[in-house]
Amino acid sequence: MSVSLQKGQKVSLSKDNAGLSKVIVGLGWDEAKPAKRGFFAPKPQAIDCDASAILLMDGKLRANDDVVYFNNLRHKSGTVQHMGDNLTGAGDGDDEQIIVDLAAVPQQYDKIVVVVNIYQAVQRKQHFGMIQNAFIRIVDARNNTELCKYNLSEDYSNMTAMIFGEIYRHNGEWKFNAVGQATTDPGLGELVNRFI
């Protein structure tokens with residue numbers, strides 16, 4: 001049974017899902033239909049959203065290699081893996097996926113923050129107001145059952161990055177918090193600096 005989340009809503013991933021050991025974090029988006037342009041106007045560039053996972057110890061980022069993204073597809077522990085970069089958001093379903101082996105995440109990591117940013121947003125003059133149908137969802141990797149989904153239906157014009165959600169450990173149990181905090185960070189580096 002899938003739960004539709006609201007901003008700030010928390011849900012237990014493991015309480016009602018005995019034996020849950022691996023989850024897929026799926027992120028998706030579509031480009032909004034552009035306004036009619038003149039015949040000779042240049043075609044706008046595709047919007048390239050990049051999903052990343054930031055592994056935190058005591059709520060803080062301790063090392064650069066604790067960031068899993070398109071240039072570091074696998075965490076050094078092997079427990080968090082990015083499945084590849086989608087440059088356009090084209091297609092149905094998840095556009096990017098991050099697989100988290102919850103059962104094997106080293107104990108020192110208490111939180112995994114999932115973020116997304118628009119690649120070269122400032123240079124390309126792009127922002128989240130130019131995309132639609134954005135979502136984050138958590139799927140039980142054992143049977144591809146969707147556990148929860150958070151739709152980003154608000155207008156995020158002029159925002160270039162977002163803290164989508166966080167998977168965190170609480171009293172030996174894994175939980176998910178739908179954050180949905182949009183920012184104007186121009187890139188992943190600035191977004192990551194929020195957790196140092």
Side-chain angles (χ1 to χ4, degrees), residues 1-29 49-87 89 91-117 133-152 162-181 188 191-192 195:
M1 178 184 85
S2 179
V3 177
S4 286
L5 299 178
Q6 304 298 316
K7 187 186 279 189
Q9 186 175 352
K10 296 174 172 53
V11 65
S12 171
L13 294 178
S14 46
K15 183 177 180 185
D16 297 323
N17 302 290
L20 180 70
S21 58
K22 189 178 285 189
V23 295
I24 300 166
V25 180
L27 301 146
W29 67 91
C49 291
D50 290 323
S52 307
I54 306 167
L55 285 79
L56 306 180
M57 294 182 205
D58 298 320
K60 297 283 184 195
L61 177 66
R62 304 292 182 195
N64 287 341
D65 58 2
D66 284 336
V67 180
V68 177
Y69 67 111
F70 66 86
N71 263 349
N72 180 32
L73 294 175
R74 189 175 179 87
H75 187 258
K76 60 191 172 193
S77 67
T79 59
V80 179
Q81 184 170 355
H82 192 298
M83 299 311 292
D85 194 13
N86 180 320
L87 303 178
D92 293 332
D94 298 340
D95 294 315
E96 292 195 7
Q97 291 183 333
I98 297 171
I99 298 176
V100 182
D101 187 352
L102 296 173
V105 172
Q107 277 295 321
Q108 66 263 33
Y109 296 103
D110 58 346
K111 189 180 289 186
I112 301 167
V113 180
V114 180
V115 300
V116 68
N117 65 287
N133 304 324
F135 66 85
I136 179 173
R137 67 190 195 117
I138 307 289
V139 175
D140 185 338
R142 295 173 300 182
N143 52 21
N144 281 333
T145 302
E146 186 175 273
L147 303 175
C148 58
K149 185 172 186 174
Y150 174 42
N151 287 308
L152 295 157
M162 180 174 292
I163 301 167
F164 259 135
E166 52 191 26
I167 301 168
Y168 65 99
R169 230 189 276 261
H170 181 71
N171 293 334
E173 188 182 320
W174 285 102
K175 297 186 176 219
F176 175 73
N177 177 27
V179 177
Q181 178 188 341
L188 179 59
L191 199 52
V192 164
F195 300 98

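Closest of all the heavy-atom pairs between Cys148 and Leu13 is SG-CD2, 4.4 Å. Closest approach of Thr79 and Ser77 over heavy atoms only: OG1-OG, 2.6 Å. Pairing each heavy atom of Ile112 with each of Ala53, the nearest pair is CG2-CB, 4.0 Å. In this structure, Asp95 and Gly28 approach most closely via the heavy-atom pair OD2-CA, 3.3 Å. Across all non-hydrogen atoms, the minimal contact from Lys76 to Asp65 is NZ-OD1, 3.0 Å. Taking both residues in full, the closest heavy atoms of Met57 and Gln108 are given as CG-O, 3.3 Å, listed atom of the first, atom of the second, then distance.
Rounded to the nearest 0.5 angstrom, Phe70 CZ and Ser52 OG are separated by 7.5 Å. In this structure, the separation between CG on Leu61 and CZ on Phe195 is 9.0 Å, given to the nearest 0.5 Å. Here the CG atom belonging to Asn64 is positioned 9.0 Å from the CG atom belonging to Asp66, to the nearest 0.5 angstrom. The line from CG of Asn177 to NE2 of His170 is 12.0 Å long, rounded to the nearest 0.5 Å. Put simply, CD on Glu146 and CG on Asn144 are 10.5 Å apart, with the number rounded to the nearest 0.5 Å.
Formation of a donor-acceptor pair under 3.5 Å by the Asn171 side chain with backbone atoms of Glu173 is not found in this model. For the pair Asn72 (side chain) and Val67 (backbone), a donor-acceptor distance under 3.5 Å is present. Using a distance-only test at 3.5 Å, with no hydrogens or angles considered, no donor-acceptor pair links the side chain of Arg169 to the main chain of Lys111.
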query = Does the pair Trp174 and Val105 meet the rule for a side-chain contact (heavy atoms from CB on, under 4.5 Å), with working shown?
reply = CA-CA 11 Å; Trp174 285 102; Val105 172; 4.1 Å; yes
task = Starting from the C-alpha separation in whole Å, work towards a yes-or-no answer on side-chain contact (heavy atoms from CB on, under 4.5 Å) for Val25 and Ile138.
result = CA-CA 5 Å; Val25 180; Ile138 307 289; 3.8 Å; yes
inquiry  = For Ile99 and Met83: C-alpha separation, side-chain torsions, deciding distance, then whether side-chain contact (heavy atoms from CB on, under 4.5 Å) applies.
reply    = CA-CA 7 Å; Ile99 298 176; Met83 299 311 292; 3.6 Å; yes
request  = Evaluate the criterion side-chain contact (heavy atoms from CB on, under 4.5 Å) for residue pair Ser21 and Leu102; output intermediate values, then yes/no.
outcome  = CA-CA 5 Å; Ser21 58; Leu102 296 173; 5.8 Å; no
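Side-chain contact of His82 with Glu96: a donor-acceptor pair under 3.5 Å is present, judged by distance alone.
Between Arg137 and Asp94 a salt bridge is recorded (basic side-chain N to carboxylate O distance below 4.0 Å). Taking 4.0 Å as the cut-off between side-chain N and carboxylate O, Lys60 and Asp58 do not count as a salt-bridged pair.
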